[in-house]
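All ligand and atom numbering here is 1-based and tracks the order in the structure.
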Amino acid sequence: MGASDSSTLPPGPIGLPFLGSLLQVWSDPLDLLATGVRRFGDTVMFRFGPYRYVLVHKPSDVRHVLLGNHDNYTKSINYQGIKLLLGEGLLTSEGSFWRRQRKLAQPAFHHRHLVSFADTMSRCTEETLERWERRGLDRIVDVHDEMMRLTFRIVGLTLTSTDLEREARAMGEALTVALRFGNDYAESIVKLPLWLPTPNNVRFLRAKGALDATILGIIRERRASGEDIPDLLSTLMHATDEPGAGQNPERMTDDQLRDELMTMVLAGHETTANALTFTFYLLSRHPEVARRVEAEVDEVLAGRAPTFADLDRLTYTGWVIDEALRLYPPAWIFERQAIEADELDGYHVPAGTIVAVCPWTLHRHPAYWDNPEGFDPERFSDSEGRDRYTYMPFGGGPRMCIGNAFAKMEAKIVLASLLRRVHFELVPGTTLALEPSITLRPRGGLPMRLLPRRWERASREGISREPSPRERTGARAAAMERQQVPGDHPRGR
Ligand code: HEM
């Protein structure tokens with residue numbers, strides 16, 4: 001659909017009086033947005049209650065909003081929900097305060113730190129593997145839950161040098177409660193004050209209390225120890241404002257530190273856990289891709305745990321992650337709000353309009369991607385000619401994800417480490433249900449069967465091998481379990 005004169009609003013569904021398309025966005029946002037783009041074109045306007053909501057897809061418009069004219073945009077009103085949890089952390093703060101904090105936090109993600117983070121990531125993954133193997137493989141686990149625990153531990157160790165292994169499960173549950181509340185709060189027309197003791201408010205405040213206690217505990221412990229460990233926590237703790245004449249330099253308060261750490265812990269683990277879960281799902285649905293990535297891992301690592309030096313050679317593994325991030329972008333939508341009126345794709349965008357960039361629809365746009373619904377990691381072998389603003393898993397412009405390189409490295413290390421020894425198989429009858437909340441995550445987790453790679457390799461190479469007594473017992477139990485799963489298929493072992 002072509003642009004018209006610049007006083008015209010973008011086209012889009014009219015929806016119901018007062019509500020606009022609110023009911024549809026509550027029930028199935030992915031479908032509402034994808035259908036809107038198909039029906040109305042690259043720039044489509046929805047009405048959600050009192051708000052105009054414009055979705056942009058032209059790379060030049062995406063660039064304009066995130067980079068060229070970013071000063072005219074703040075984060076949208078919908079970030080208010082998550083702000084209840086994250087306060088004035090990097091993700092939700094604005095203006096000169098955000099700029100200062102970003103400058104302070106940036107060095108913690110510097111290349112030289114990433115090298116040491118790689119060892120921590122590798123070690124934590126190794127420990128997860130050992131735990132799985134101790135309990136015996138050929139077992140069904142919730143891969144999403146496992147990845148949440150792992151990435152949570154990694155972010156705690158790399159950014160605050162604290163091992164949160166014991167807190168992982170409780171924190172994960174509290175985060176899920178808090179995120180759901182943040183999302184519902186953003187979507188609700190009437191925002192009840194938090195002091196009202198509604199069941200939802202009580203649940204949220206309890207979850208937030210548990211999260212605050214853990215984060216403040218980390219800060220107080222570090223203050224008490226007086227240690228100067230070179231991590232993000234110390235960097236932020238020792239950061240000072242440039243003092244004015246006659247003033248003392250100011251340090252961040254515990255509450256400011258809490259906001260920054262909570263943001264990093266949240267932004268830094270749930271997204272990566274979701275990306276890894278979607279990757280395992282896609283590999284299980286595409287055995288030819290799984291075989292190729294496993295072959296690369298075998299060749300590059302020859303059985304040992306990965307280090308930073310291996311990363312460049314894990315090329316195909318990297319494309320698999322890129323492609324999983326294309327099809328299932330954990331940050332599936334991000335939004336801004338126009339301060340002054342703007343013009344996008346030739347249409348008038350009034351002040352106050354929410355403008356959204358939606359990797360979910362952008363990454364499946366047939367004008368930018370051949371076979372957009374297909375899983376084809378090879379397409380990332382040659383990115384030449386692709387506009388950077390058509391692939392946005394980490395956003396763009398000055399508010400681009402600060403943990404971009406961290407996350408890509410972590411996903412590669414975790415994936416390669418695990419695929420060395422484990423083959424992930426989807427439990428027959430399982431379908432992937434999506435929960436498009438603040439992030440895109442698998443609804444209700446993702447049960448998968450973990451198989452020892454040596455079994456799978458032996459069967460592929462046609463070698464009949466004698467199972468160990470322990471494997472025999474495990475295999476018998478598994479066979480019994482399999483008989484109870486409807487629609488199962490033989491695995492050809
Ligand atoms: C696959 C994993 C990840 C994905 C898909 C992802 C995606 C994103 C996106 C799209 C944004 C921009 C949001 C916007 O413009 O409104 C963002 C911002 C951010 N991300 Fe990530 N992220 C990931 C991992 C991480 C990690 C590992 C960390 C930290 C360790 C992190 C920390 C942050 C922070 C602090 C911001 C706010 C930056 C700012 O506004 O200055 N993220 N992320």
**Asked** In the protein, what heavy atom is nearest to atom 30 (C) of ligand 1, and what distance, to one decimal place, separates them?
**Response** Phe109 CE2, 3.6 Å

**Prompt:** Against heavy atoms of Trp98, which atoms of ligand 1 measure under 4.0 Å?
**Reply:** 39 (C), 40 (O), 41 (O)

**Asked** Which bit of Arg336 is near ligand 1, meaning a heavy atom under 4.0 Å away: side chain, backbone, both or neither?
**Response** side chain

**Item:** Closest protein heavy atom (residue, atom, distance) for atom 12 (C) of ligand 1
**Value:** Arg399 O, 3.6 Å

**Prompt:** Pairs in or reaching into residues 363-378: which pass side chain to side chain donor-acceptor pair (under 3.5 Å), with residues at least two apart or in two chains?
**Reply:** Asp42-His365, Arg292-Glu378, Arg364-Glu373

**Request:** Could you tell me whether some N/O pair between Glu335 and ligand 1 is separated by less than 3.5 angstrom?
**Result:** no

**Message:** Tell me how many protein N, O or S atoms are within a distance shorter than 2.8 Å of atom 21 (Fe) of ligand 1.
**Reply:** 1

**Request:** Specify whether Tyr316 and Trp319 have parallel, tilted or perpendicular ring planes, treating 30° as the upper limit for parallel and 60° as the lower limit for perpendicular.
**Result:** perpendicular

**Prompt:** Should we count CD of Glu130 as having more than 12 external heavy atoms under 6.0 Å?
**Reply:** yes

**Message:** Using 30° and 60° as the class boundaries, would you call the ring planes of Phe375 and His286 parallel, tilted or perpendicular?
**Reply:** tilted

**Complete:** Counting heavy atoms under 4.0 Å, the part of Tyr79 that contacts ligand 1 is side chain

**Item:** Results of salt bridge (Lys or Arg N to Asp or Glu O under 4.0 Å) for Asp163 - residues two or more places apart only
**Value:** Arg153

**Message:** Pairs of nitrogen or oxygen atoms closer than 3.5 Å, one from Lys75 and one from ligand 1: do any exist?
**Reply:** yes

**Request:** Under the side chain to side chain donor-acceptor pair (under 3.5 Å) rule, what do Thr277 and Asn274 come out as? Steps first, then yes or no, please.
**Result:** CA-CA 5 Å; Thr277 308; Asn274 299 353; 5.4 Å; no

**Prompt:** Can you name the salt bridge (Lys or Arg N to Asp or Glu O under 4.0 Å) partners of Arg63, sequence neighbours left out?
**Reply:** none

**Request:** Identify the protein heavy atom lying closest to atom 7 (C) of ligand 1, giving its residue, its atom name and the separation to 0.1 Å.
**Result:** Pro393 O, 3.4 Å

**Asked** With distance as the sole test, does Glu335 use its side chain to make a donor-acceptor pair with the main-chain N or O of Ser76 at under 3.5 Å?
**Response** no

**Fill in**
Residue, atom and distance of the protein heavy atom nearest atom 38 (C) of ligand 1 read Arg102 NH1, 3.3 Å

**Exam field: side chain Glu323 to backbone Arg379, donor-acceptor pair closer than 3.5 Å** = no

**Prompt:** Would you say Arg420's side chain and Val297's backbone share a donor-acceptor pair under 3.5 angstrom?
**Reply:** no

**Message:** I need the atoms of ligand 1 closer than 4.0 Å to a non-hydrogen atom of Phe406, numbered in the order shown.
**Reply:** 27 (C)

**Request:** Given side-chain contact (heavy atoms from CB on, under 4.5 Å), test Asn78 with Tyr51 step by step and report yes or no.
**Result:** CA-CA 11 Å; Asn78 288 332; Tyr51 293 103; over 6 Å; no

